[in-house]
Amino acid sequence: MKHRLLYNQRSRPLVVRRDNAALTREALITNVFILSFMWFLSPVQVLKAIGLQRTGKQDEAFTLAQEVATLEPTDDNSLQALTILYREMHRPELVTKLYEAAVKKVPLSEEYHSHLFMAYARVGEYKKMQQPPKYCYYYSVKKNLFVLQAISAQDEKLSQTMFLPLAERMVEKMVKEEKIEAEAEVQLYYMILERLGKCVEALDVIRGPLGEKLTSELQSRETKCMSLYRRLQRWPECNSLAHKLLLKNPDDWQFYPSYFDSLFHLIDQSWSPPEEGEHCSEGSVHHTVAEVASFVEERILGEDGKDSRSLRGPYLARLELMHRLRERGCPEEKLLGDPLELMVQFFGKFGDKPCCITDLKIYLHLLCPEQHVQFVNRLGEAVPLGEQGDEGFAFPEDTKALQRHLCVCQLSRALGLHHALHPDGKLRLIAELKAHYRHGLKFGSDALKTELQFSDMYCLMAAHVYIDLWKETGDENMVWQSLGVLQEGLTASPSNAQFKLLMLLVYCHLGAFEPVVDLYSSLDAKHVQHDTIGFLLTRYAGSLGQFAAASQSCNFSLRFFHSNQKDTSEYIIQAYKYGAFEKIPEFIALRNRLNQSLHFAQVRTERMLLDLFLEADIVLSLEESVKAMSLCPEEDDIPWDTMRDNRDLTVFTCWDPKDRQLTEEHRRRSLEEESVWLRLRSLTLRLLASLASPGHTPPQTPAQQNSEKANENGVADEPPILGVLLSQLHQTHAGYPLLGPPATRLASALSSGSCQCQAAALQLSVHLQDLESAGLDESSELQTQICNGFQSLVVQLREILNKCKGDLLEMKGSKLKTRPSLLENLIFFVETVCIVLWTASHCAKILRPLKTSLQKKKKKKKDVNTALVRSLRFDPLKRLQDLLTQALEYIKGQETGITALQLAGLSLEGNTQVSVQTPLVAAMDKVQSSYLRSLQEAGDLLKKRAETIKNLKI
């Protein structure tokens, strides 16, 4: 007792400081002091392990934790501390072993059984979760575990024949005994029946007395019934139920699609109502177009006769019905009227709402091309504007009129009228949009910084038109003007995410990554957004030479993905605790979606490659770097078969006409291209890991792996993977809309020659392994082949460097022109140099013992240096060193030139004071500063690599 009291008193500083990173080292010192005379207390040892883990000494922390775990502690302090430590190590499976041992020693502890149950939940051990004793709090959730096993089972037959039927029998027993009281249990029963495909039984449950317990969500029973009717293809009931629900709430859009779908299914089936009695169990059915059109018109008449604001639903339903009738070629479309008049009527009622553009945009195809100008003119007549000012433009007098005018502009762009203008017309349009934007700022003069200005969309549209001019004419001054107007908009509306997103995209296309980091951070992306929009940042992070920012960006994304694995487990446990069983499959689906994310695999691969380029053979040896990453060249842990593309490719506000928008074909090609590039980068990483593996086997290229497969099967099952990747590089580079997915680095990797050079360097490691087996005295032909290979690598590197030559930034008159492709080629050159040097270092490690062995055989030193050793020492390495010197001179020259351009650019504006720079000049300055940073970081890395060549001894 005395020791326990003393422990509590002296370990309190450790517990207080445990979660404070700044005080972790101080807590560790205190811990060491306590441990020196209280070594027998397990909690102190575990707290020390936590301190070691948080100060970067993971191996020592794990060893100390395992020493405590082998003692199988049963005190709560040790168990909780070890749980915290294992969670920080991302080793939740060790927590299960910890509590399994504790439960064996203290079998009557409900607390330990509960902790064990939660530990199983974190790792998805659903079968073992069924083992808690009857007195455990979680005993009552056993029926749900069969459902989870069914969801997670890879064998669909097993889940349908064993897990789900077992869960069904358990719940049916509770139903017969009338023990189902909670809504969550009814939800669980419905989930089981739905997954078993027993829709009739599920429908009986929902419509019966158990369905009355579904009260947590509005119209929960009706929504579930509608879903089951559709699955059962009971179209009369589906139609009748939708009709009744729309009578109650004609603005509830979720039921209009079911209403129209059921109508056309009934028409296709030539369904007719019975002569006597009800049409179906739900009531009367509307089975003709005339009836449905009449119903919609009645709802509209009801809205027109209201004194209060009309509801949008019935008016949109009329346009939706017209759209579906036209798709089917039905003449009844004329019953609904002229689409132009209907949309003008809709605009008259709802044009002052921001949603008007999104409502009408999807039905613009109902208009003939000849009606586009007429339609816009008719809408313009309904916009109240004041008298024309000095600039020749008439402006709205209030925010409602502003919103109507803005909607007309947006619809004009969506119809392609903006794109049809010649360059002078587009410049006049930009002037009008900017004038309307600046005029509209007066309506938001007292708005908070977190609120958007009423006229922000004018500014965004002006930027879009500038970008159109840039793409059409190639005049880079237009893109600078676009950045200037966006910066002006961001000044007045600092929280506008669309301004930031478009600026981020434009800066990346100009090759400037430095301002992008701050823009992305200011977006304050939350949770899953790091997966859906994170690609906008990480795609350009490493390719533009900002290695430090790239590392930070990758860490930002990886931190979210790693915390997701821990957080979703906690969500599942809370769902168990509070009986929200229907949410558990959703949490599991979220976890799987993020674990299988394409973005996750890309960021993880690029981060490891980045760490190797920056640190391997500089801070740590290549072997130590690979070991720290726990890389295994034989294992490919990317889930290729189940990979999910979670990118949000519609994050940008876009009013382009349909022929200029992102299509499904664009999405498919983009995913294909991303997958090919990821395969190439992942393969490169694994081959580099094989170079560093102690006592490694030959790092088989995919070509060798497939040739072995061909020998086994007698037929080559597939062409060499690397060859396929290289051949696909020509095919995968596709043009996407500017606001669509960014293209990968595939095309640049091929055109620069970097891809081929890296493949040749890695292929040399196979020949080196053959040399290691044959020895130096009987492999002259192989030595010549290796020597020629190294000489070829230097030639290829020189060609890559030549493709980097040119001015990255140049000032022509008062216009600044960027050449980001040269910067991307330079980064490819730096990466390829790293890989060639690692191959040379690997060659040196193989030659040293061979040279020693040969020296023992020949006894004479002059005979030791073979042709290969002399050739590598005095030819390729010397030429490679000269090449790096040339690259560094080129970088230095570019830095000098860009600095001079920066000063010249500022003086051209007529003022040299930074405080009076226009937004346009500020944007130029950011791009130039970013280029300088990229060149500096690339140059610093090449200098370090040049030092490694000097220290390389062959």
Side-chain angles (χ1 to χ4, degrees), residues 18-19 46 50 69 73-74 76-104 106-153 163 167 170-171 182-189 191-192 216 526-528 559-596:
R18 185 182 61 196
D19 296 324
V46 181
I50 292 174
T74 56
D76 191 54
N77 290 330
S78 298
L79 293 172
Q80 290 293 335
L82 280 170
T83 300
I84 292 169
L85 177 61
Y86 288 148
R87 284 177 63 184
E88 290 187 7
M89 291 179 171
H90 303 291
R91 299 289 300 274
E93 70 280 0
L94 297 178
V95 181
T96 62
K97 296 179 181 178
L98 195 65
Y99 278 101
E100 282 172 354
V103 163
K104 285 180 182 178
V106 192
L108 298 179
S109 172
E110 180 179 354
E111 181 183 357
Y112 288 173
H113 277 290
S114 297
H115 281 300
L116 180 59
F117 180 92
M118 292 187 287
Y120 285 143
R122 288 190 180 98
V123 296
E125 290 280 0
Y126 305 120
K127 188 174 182 180
K128 292 182 178 179
M129 289 167 68
Q130 299 169 23
Q131 299 172 1
K134 290 187 176 182
Y135 54 79
C136 179
Y137 173 80
Y138 293 99
Y139 176 75
S140 59
V141 304
K142 290 178 68 174
K143 55 189 174 296
N144 181 254
L145 301 176
F146 290 117
V147 180
L148 295 182
Q149 282 181 274
I151 294 170
S152 59
F163 297 130
M170 292 183 72
V171 179
E183 179 184 0
E185 294 171 325
V186 180
Q187 294 274 18
L188 179 63
Y189 193 18
M191 190 194 311
I192 293 168
S216 62
K526 302 294 186 185
H527 201 256
V528 78
R559 195 178 303 122
F560 159 69
F561 285 110
H562 290 149
S563 66
N564 156 69
Q565 298 172 0
K566 179 177 65 175
D567 293 344
T568 46
S569 298
E570 299 307 314
Y571 304 154
I572 292 170
I573 289 170
Q574 293 302 313
Y576 276 119
K577 186 175 181 180
Y578 294 104
F581 302 129
E582 75 281 2
K583 296 298 180 185
I584 295 174
E586 297 178 20
F587 292 140
I588 293 173
L590 173 64
R591 179 170 62 189
N592 292 340
R593 171 188 167 188
L594 295 176
N595 287 341
Q596 297 163 5

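Note that the coordinates shown come from a computational prediction; the quantities given were computed from them, not determined experimentally.
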Working for side-chain contact (heavy atoms from CB on, under 4.5 Å), residues L116 and E100
CA-CA 7 Å; L116 180 59; E100 282 172 354; 3.7 Å; yes
Hey, which of I84, T83, L82 is the one that makes side chain to side chain contact (heavy atoms under 4.5 Å, CB included) with V46?
L82
Residues which pass salt bridge (Lys or Arg N to Asp or Glu O under 4.0 Å) with E570, listed by chain and number, not counting sequence neighbours:
R87, R122
Can L594 and F560 be said to form a side-chain contact (heavy atoms from CB on, under 4.5 Å), step by step?
CA-CA 10 Å; L594 295 176; F560 159 69; 3.7 Å; yes
Taking the side chain as C-beta and beyond, is there a heavy-atom pair between S569 and V123 under 4.5 Å?
no
Any chance you could measure L94, atom CG, to M89, atom CE, to the nearest 0.5 Å?
8.5 Å
Please list, chain by chain and in numerical order, all residues satisfying side chain to side chain donor-acceptor pair (under 3.5 Å) with E183, sequence neighbours excluded.
S216
Here the gap from T568 atom OG1 to F587 atom CZ, rounded to the nearest 0.5 Å, amounts to 9.5 Å
By ring-ring contact (aromatic ring centres under 6.0 Å, His included), which residues pair with Y86, not counting sequence neighbours?
none
When you compare the side chain of I584 with that of Y571, does any pair of heavy atoms fall below 4.5 Å?
no
The reported gap from CE in M170 to CD1 in I192 (rounded to nearest 0.5 angstrom) is 9.0 Å
Is any side-chain heavy atom of F561 closer than 4.5 Å to one of N595?
no
Applying salt bridge (Lys or Arg N to Asp or Glu O under 4.0 Å), can you list everything that pairs with K583, at least two apart in sequence or on another chain?
E586
Can you name the salt bridge (Lys or Arg N to Asp or Glu O under 4.0 Å) partners of R593, sequence neighbours left out?
none
In this structure, CD of E111 is separated from CG of L79 (nearest 0.5 Å) by 9.0 Å
Taking the side chain from T96 and the backbone from E93, do they hold a donor-acceptor pair closer than 3.5 Å?
yes
Output all residues satisfying ring-ring contact (aromatic ring centres under 6.0 Å, His included) with Y99, sequence neighbours left out; order by chain, then residue number.
H115
